[in-house]
Colleague: 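Handing you a structure now.
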Amino acid sequence: MFTLVVMQYWLIKSEPDAYSIDDLASDKVEPWDGIRNYQARNFMRDTMRVGDKVLFYHSQVKPPAVVGLAEVASEPYPDPTAFDPNEKYYDPKSDPANPRWILVDMRYVAHLAEPVTLPQIKDDPKFDGMMLRQRGARLSIQPVDKKHYDRVVKLGGL
DNA sequence: GCCAACGTTGGC
DNA sequence: GCCAACGTTGGC
């Protein structure tokens, strides 16, 4: 008896000054903490599965770009940084008995041979419909269609 | 650094 | 539950 699990695809944003693909490459596995947006949390809590494929995107740099690949590496669990007053992302309203912020671990997979930049994505009709192209799409964790994921991997030289 | 687009907060 | 004020994101 097989259980068919459909592979899901995601894009996660990070400011490389704060946490870059190189950081993930050296850490290997990293709790994706500090997410304080409910929609993004819900994706991690409710929808992500271990093994889901992830595009790693650098924001706040010129040009913004997908720079690598990662994968979901854990089941969801409470974000410990929400409970620590010394943490930047401390949230006194997150009760350990009923945690507000939930995360998953991310595992490094690869650097793209060539970054795939936001302008490339905007100019390529094959990326039509991708959430990243929507104006004001600030969501730091986004679902991605397989076809768009595959296109990034191809343009990225992998 | 600017600022448009969003998301959240809190008074009412 | 509305909505103005405020804070943040993130491309440019």
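Heavy-atom basis, side chains included; hydrogens, waters and symmetry copies ignored. Computed from a predicted structure; not experimentally measured. Below, chains carry the letters A, B, ... as their sequence lines are ordered, and counting in each starts from 1.
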Colleague: Does A:R45 reach the main-chain N or O of A:P76 with its side chain, forming a donor-acceptor pair under 3.5 Å?
Modeller: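 Absent.
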Colleague: Which is the 5'-most and which the 3'-most nucleotide of DNA chain C that has an atom under 4.0 Å from a heavy atom of chain A?
Modeller: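 The contact span of chain A on DNA chain C goes from C:dG7 to C:dC12.
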Colleague: Select from A:N37 and A:K62 the residue whose nearest nucleotide in DNA chain B is closer to the 5' end of that strand.
Modeller: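 Closer to the 5' end of DNA chain B: A:K62.
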Colleague: Check whether any side-chain N or O of A:D79 sits under 3.5 Å from a backbone N or O of A:G34 as a donor-acceptor pair, and report yes or no.
Modeller: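 Yes, A:D79 side chain to A:G34 backbone: donor-acceptor pair under 3.5 Å.
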Colleague: What are the residues of residues 122-142 of chain A, sorted by number, that bring a heavy atom to within less than 4.0 Å of DNA chain B?
Modeller: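 Under 4.0 Å from DNA chain B: A:R135, A:G136, A:R138.
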Colleague: Applying side chain to side chain contact (heavy atoms under 4.5 Å, CB included) between A:Y9 and each of A:K147, A:H148, A:K53, report the one that passes.
Modeller: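 When side chain to side chain contact (heavy atoms under 4.5 Å, CB included) is applied between A:Y9 and each of A:K147, A:H148, A:K53, only A:K53 qualifies.
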Colleague: Would A:T81 and A:R36 count as having a side-chain donor-acceptor pair, cut-off 3.5 Å?
Modeller: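 Present: a donor and an acceptor within the cut-off.
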Colleague: Is the backbone of A:L139 close enough, under 3.5 Å, to the side chain of A:Q39 for a donor and an acceptor to pair up by distance?
Modeller: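 Between the backbone of A:L139 and the side chain of A:Q39 there is no qualifying donor-acceptor contact (under 3.5 Å).
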Colleague: Does the ring center of A:Y77 lie less than 6.0 Å from the ring center of A:W101?
Modeller: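 No, the ring of A:Y77 stays outside the 6.0 Å limit from the ring of A:W101, centre to centre.
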Colleague: Do you know which two heavy atoms are closest between A:W32 and A:I141, and how far apart they sit?
Modeller: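 Heavy-atom minimum between the residues: CD1-CD1, 4.2 Å.
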Colleague: If you apply the rule side-chain contact (heavy atoms from CB on, under 4.5 Å), what do you find for A:M106 with A:F56, and how did you get there?
Modeller: CA-CA 10 Å; A:M106 292 293 173; A:F56 195 104; over 6 Å; no
